[in-house]
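This is the structure I have questions about; it appears just below.
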There are 2 protein chains.
Amino acid sequence: MSQRVPTVRDVAARAGVSVGTVSKALNNRGQLREETRARVVAAARELGFRPNSLAQGLQSGRTYTVAVITTDRFGRFGNPLMLGVEDALGADRVSVFLCDTRDDPIREHHHAETLDERRVDGIIVAGRRKQTRAPLAVASGVPVVYVIAQSSDPSDFCVTTDDVGGGVLAARHLLASGRTRIGHITGPERFADPRERAAGLSSVLDSAGLDLAGGQVFYGEWSEDWGRRAAEMLLHAAPDTDAIFCGSDQIARGVVETLRDRRLRVPGDIAVVGFDNWEPMAAGCRPPLTTVDPNLREVGRVAATRLLDMIAGRPVEGGVETVPAWLMLRESTGVREAGA
Amino acid sequence: MSQRVPTVRDVAARAGVSVGTVSKALNNRGQLREETRARVVAAARELGFRPNSLAQGLQSGRTYTVAVITTDRFGRFGNPLMLGVEDALGADRVSVFLCDTRDDPIREHHHAETLDERRVDGIIVAGRRKQTRAPLAVASGVPVVYVIAQSSDPSDFCVTTDDVGGGVLAARHLLASGRTRIGHITGPERFADPRERAAGLSSVLDSAGLDLAGGQVFYGEWSEDWGRRAAEMLLHAAPDTDAIFCGSDQIARGVVETLRDRRLRVPGDIAVVGFDNWEPMAAGCRPPLTTVDPNLREVGRVAATRLLDMIAGRPVEGGVETVPAWLMLRESTGVREAGA
DNA sequence: GTGCCGCCAGAAAACCTATTCCGAAAGTGC
DNA sequence: GCACTTTCGGAATAGGTTTTCTGGCGGCAC
């Protein structure tokens with residue numbers, strides 16, 4: 001009872017040919033009689049033969065594997081991203097190694113070494129936040145694409161979200177809905193992402209000759225609780241606010257709760273726009289949230305596609321490619337009620 | 001300018017020894033003079049040599065790779081699970097292939113074939129729901145561990161959550177807090193998970209001689225909206241309800257919202273317990289939710305550990321191993337207010 | 001002092017599995 | 001009978017690990 005997995009040698013023996021012939025028959029290469037080819041194929045099927053991709057990789061120098069290194073503790077951002085990556089990679093029978101660094105440089109280095117040894121064809125390095133980071137320490141020649149967090153080496157290629165554009169989308173939508181006294185509650189000022197979203201909003205307001213309701217951006221934390229507290233502050237500073245753009249869906253949830261407590265109708269009295277399009281948060285809200293979708297799945301798809309380009313030797317220019325966001329319309333920015 | 005990655009041959013040439021000697025030197029095997037070993041190690045370092053793990057895998061028959069096949073990429077369930085898997089695997093330098101089937105049997109089969117060819121050492125098949133599924137169609141001999149969804153082959157090994165136990169925990173906690181009129185709002189009745197949670201609750205209530213508030217389990221959907229609607233129904237049927245155990249944190253959020261609308265205080269008038277301990281949902285709730293944590297990270301850790309056992313040839317009995325849940329205490333089940 | 005045994009260090013070769021290139025045998029055409 | 005094609009075997013190759021082999025040397029006995 002040999003439980004051994006069959007090799008080309010076994011197939012060759014069973015078909016009565018040489019190993020070279022087996023390879024040619026199964027890969028449709030070389031000159032073979034149709035009868036021979038069929039015999040080999042039959043033998044392979046009967047034995048349940050599966051070529052060893054380690055041996056193939058050794059031979060060809062390509063492993064058809066790609067790694068995704070993420071700092072995101074498999075958080076919610078990683079999911080749509082991975083989905084996009086799989087979209088692009090799946091077609092090519094490329095398998096994905098998933099490595100979580102847990103924000104630890106030692107772990108990252110460790111993963112990089114292992115991936116080097118595994119001779120992955122390429123690597124996607126995904127950060128959680130927009131920031132500049134040191135290039136991944138990996139064998140020269142292995143293509144690397146950076147996602148969201150970009151490399152400090154300008155010749156590296158990076159794909160990222162369009163946070164300024166997301167802010168612009170939200171702002172234009174609110175203006176188009178007839179809102180003019182728009183406030184902004186968002187995450188920590190020390191991060192680039194919320195600053196860019198705020199910049200997008202401000203640019204639109206400036207062009208329209210409008211000021212930010214409350215006179216300032218309310219920077220704080222990425223939590224519902226901050227949304228609740230900041231909404232109080234904003235309404236205290238500017239009681240006539242008629243729209244609030246929030247830096248995340250979680251913040252928006254908090255904001256909506258405060259508005260409800262104060263008997264303010266959404267969207268009747270105040271429209272609310274979130275950011276992330278984090279389905280369970282945004283759709284579960286009452287009313288469901290209109291929100292900016294940063295298009296992470298597309299970001300993942302673009303990253304993987306470019307990586308495949310680089311692997312195939314097609315030139316990919318260094319620099320940052322920005323994927324446009326889009327607006328998910330739900331009820332929280334619906335039409336303003338008459339007389340409101 | 002040869003960009004070629006260095007091989008043992010290059011190291012051997014630089015150190016002035018044979019390739020066999022290089023291997024022995026770098027792996028601390030065989031008999032070598034200390035001076036020779038040091039010379040080889042130095043040469044390897046200077047060249048930036050990294051052994052090709054494809055070649056090693058070909059030789060040893062072990063690849064130090066494991067695959068996780070999941071049907072649940074969107075879900076929040078995959079994240080803590082993967083974390084646990086990496087906890088257990090990381091120590092052994094085992095890399096993880098992540099395969100998403102998107103609930104498509106064709107995709108699953110496709111992944112299984114590819115993993116076969118890659119000669120992964122083992123596979124973890126993770127389902128989203130407790131159900132029985134056909135065994136993964138993979139080369140005989142490759143160890144497979146099933147998570148949550150179990151294999152129809154009783155000799156396969158499966159790790160799963162303790163939903164009955166979770167229900168028991170929630171029920172005991174509520175009884176201990178002095179609640180006696182406990183309702184239950186949960187997900188679809190056609191799934192085993194909510195039925196088991198309800199069974200756990202019922203068993204405790206039965207032992208205490210209590211009935212379920214509202215006279216029935218409110219089965220529905222896994223949404224906030226169902227939580228809101230079902231809470232209305234429950235309160236209509238049993239206005240004196242003093243606690244609600246919810247089948248998910250999302251449902252609990254909806255329930256809490258309805259209670260707030262009705263001016264019922266949580267936990268003052270009614271205590272609420274969720275299920276999942278999905279941090280942003282449970283902690284963001286006002287008040288923060290006491291909730292059953294199904295311990296998915298531990299489930300992942302156990303699955304990976306058992307898989308490593310099987311890979312190492314240590315016997316693992318078939319059957320289902322259940323990982324105990326635990327209760328995350330937050331404010332939604334705090335002390336009952338005096339006079340309430 | 002010389003011959004033999006055994007050990008040490010490292011070279012050389014075999015092996016893991018699949019692919020590819022080269023060449024040989026057999027068959028065809030004229 | 002010669003050139004040419006078709007068909008397939010055999011060997012080289014990829015990059016390591018492992019086993020076997022060899023040369024040199026020390027120790028011991030006579």
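Numbered from 1 within each chain, the chains take letters A, B, ... in sequence-line order. These numbers come from the heavy atoms of this one structure, side chains and all, not from hydrogens, waters or symmetry mates.
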First of Ser18(B) and Leu58(B) reached from the 5' end of DNA chain C, by closest nucleotide:
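The answer here is Ser18(B).
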
Does atom CD of Glu317(B) have more than 12 heavy-atom neighbours, drawn from other residues, nucleotides or ligands, at distances under 6.0 Å?
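Check fails, neighbour count at 12 or below.
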
In this structure, how many angstroms lie between the P atom of dT17(C) and the CZ atom of Arg118(B), rounded?
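After rounding, the reported distance stands at 18 Å.
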
Give me each pair satisfying salt bridge (charged side-chain N to carboxylate O under 4.0 Å, His left out) with a member in residues 130-152 of chain A, each pair once, sequence neighbours excluded.
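Listed by first then second residue: Glu108(A)-Arg133(A), Lys130(A)-Asp163(A), Lys130(A)-Glu196(A).
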
Filter on salt bridge (charged side-chain N to carboxylate O under 4.0 Å, His left out), then keep only pairs touching residues 144-153 of chain A, sequence neighbours left out; what's left?
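Not a single pair qualifies under salt bridge (charged side-chain N to carboxylate O under 4.0 Å, His left out).
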
Give the minimum heavy-atom separation between Pro135(A) and Tyr146(A), together with the two atoms involved.
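That would be CA-OH, 3.3 Å.
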
Would you tabulate the pairs of protein nitrogen or oxygen atoms and nucleotide nitrogen or oxygen atoms of nucleotides 23-25 of chain C closer than 3.5 angstrom?
none

Taking 5' to 3' order, which nucleotide of DNA chain D is first and which is last to have an atom within less than 4.0 Å of a heavy atom in chain B?
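Here the contact window of chain B covers dG15(D) to dT19(D).
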
Test of understanding: with salt bridge (Lys or Arg N to Asp or Glu O under 4.0 Å), list the residues that count as partners of Asp162(B), not counting sequence neighbours.
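Partners of Asp162(B) under the salt bridge (Lys or Arg N to Asp or Glu O under 4.0 Å) test: none.
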
For residues 78-110 of chain A, which residue pairs pass the ring-ring contact (aromatic ring centres under 6.0 Å, His included) check, not counting sequence neighbours?
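ring-ring contact (aromatic ring centres under 6.0 Å, His included) check on residues 78-110 of chain A returns Phe97(A)-Phe97(B).
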
Any idea which heavy atoms bring Thr160(B) and Val299(B) closest together, and the distance?
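Answer, listing the atom of Thr160(B) first, then Val299(B): O-CG2, 4.2 Å.
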
Rounded to whole Å, how long is the line connecting atom CG of Leu54(A) with atom C1' of dC15(C)?
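That distance rounds to 15 Å.
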
Helix axis bend for the helix from dG1(C)-dC30(D) to dC30(C)-dG1(D) - C1'-based end axes, five pairs, 10° rounding
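The end-segment axes of the helix from dG1(C)-dC30(D) to dC30(C)-dG1(D) are tilted 70° relative to each other.
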
Salt bridge (Lys or Arg N to Asp or Glu O under 4.0 Å) partners for Asp104(B), two or more places apart:
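By the salt bridge (Lys or Arg N to Asp or Glu O under 4.0 Å) rule, Asp104(B) matches no residue at all.
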
Please check if any side-chain donor atom of Arg118(A) sits under 3.5 Å from a side-chain acceptor atom of Ser95(B), or the reverse.
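Yes, side-chain donor-acceptor contact under 3.5 Å.
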
Is it the case that the side chains of Thr63(A) and Asp121(A) hold a donor-acceptor pair, with the cut-off being a distance below 3.5 Å and no angle test?
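A donor-acceptor contact under 3.5 Å links the two side chains.
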
Going by the salt bridge (charged side-chain N to carboxylate O under 4.0 Å, His left out) test, which pairs reach into residues 5-32 of chain B, not counting sequence neighbours?
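Found Arg4(B)-Asp10(B), Arg14(B)-Glu46(B).
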
Touch check for Ser60(A), heavy atoms < 4.0 angstrom, all strands: base, sugar-phosphate only, or nothing?
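It contacts nothing in the nucleic acid.
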
Is there any protein nitrogen or oxygen under 3.5 Å from a nitrogen or oxygen in nucleotides 18-20 of chain C, and what are the pairs?
unit_1	atom_1	unit_2	atom_2	d
dA18(C)	OP1	Asn52(A)	N	2.9
dA18(C)	OP2	Val8(A)	N	2.6
dT19(C)	OP1	Asn27(A)	ND2	3.2
dT19(C)	OP1	Gln56(A)	NE2	2.9
dT19(C)	OP2	Ser23(A)	OG	2.9
dT19(C)	OP2	Asn27(A)	ND2	3.3
dT19(C)	O5'	Ser23(A)	OG	3.4
dT20(C)	OP2	Arg29(A)	NH1	3.3

Using salt bridge (Lys or Arg N to Asp or Glu O under 4.0 Å) as the criterion, list what pairs up with Arg129(B), not counting sequence neighbours.
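Scan of Arg129(B) (salt bridge (Lys or Arg N to Asp or Glu O under 4.0 Å), adjacent residues dropped) gives none.
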
Salt bridge (Lys or Arg N to Asp or Glu O under 4.0 Å) partners of Arg50(B), counting only residues at least two apart
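Scan of Arg50(B) (salt bridge (Lys or Arg N to Asp or Glu O under 4.0 Å), adjacent residues dropped) gives Glu113(A), Glu117(A).
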
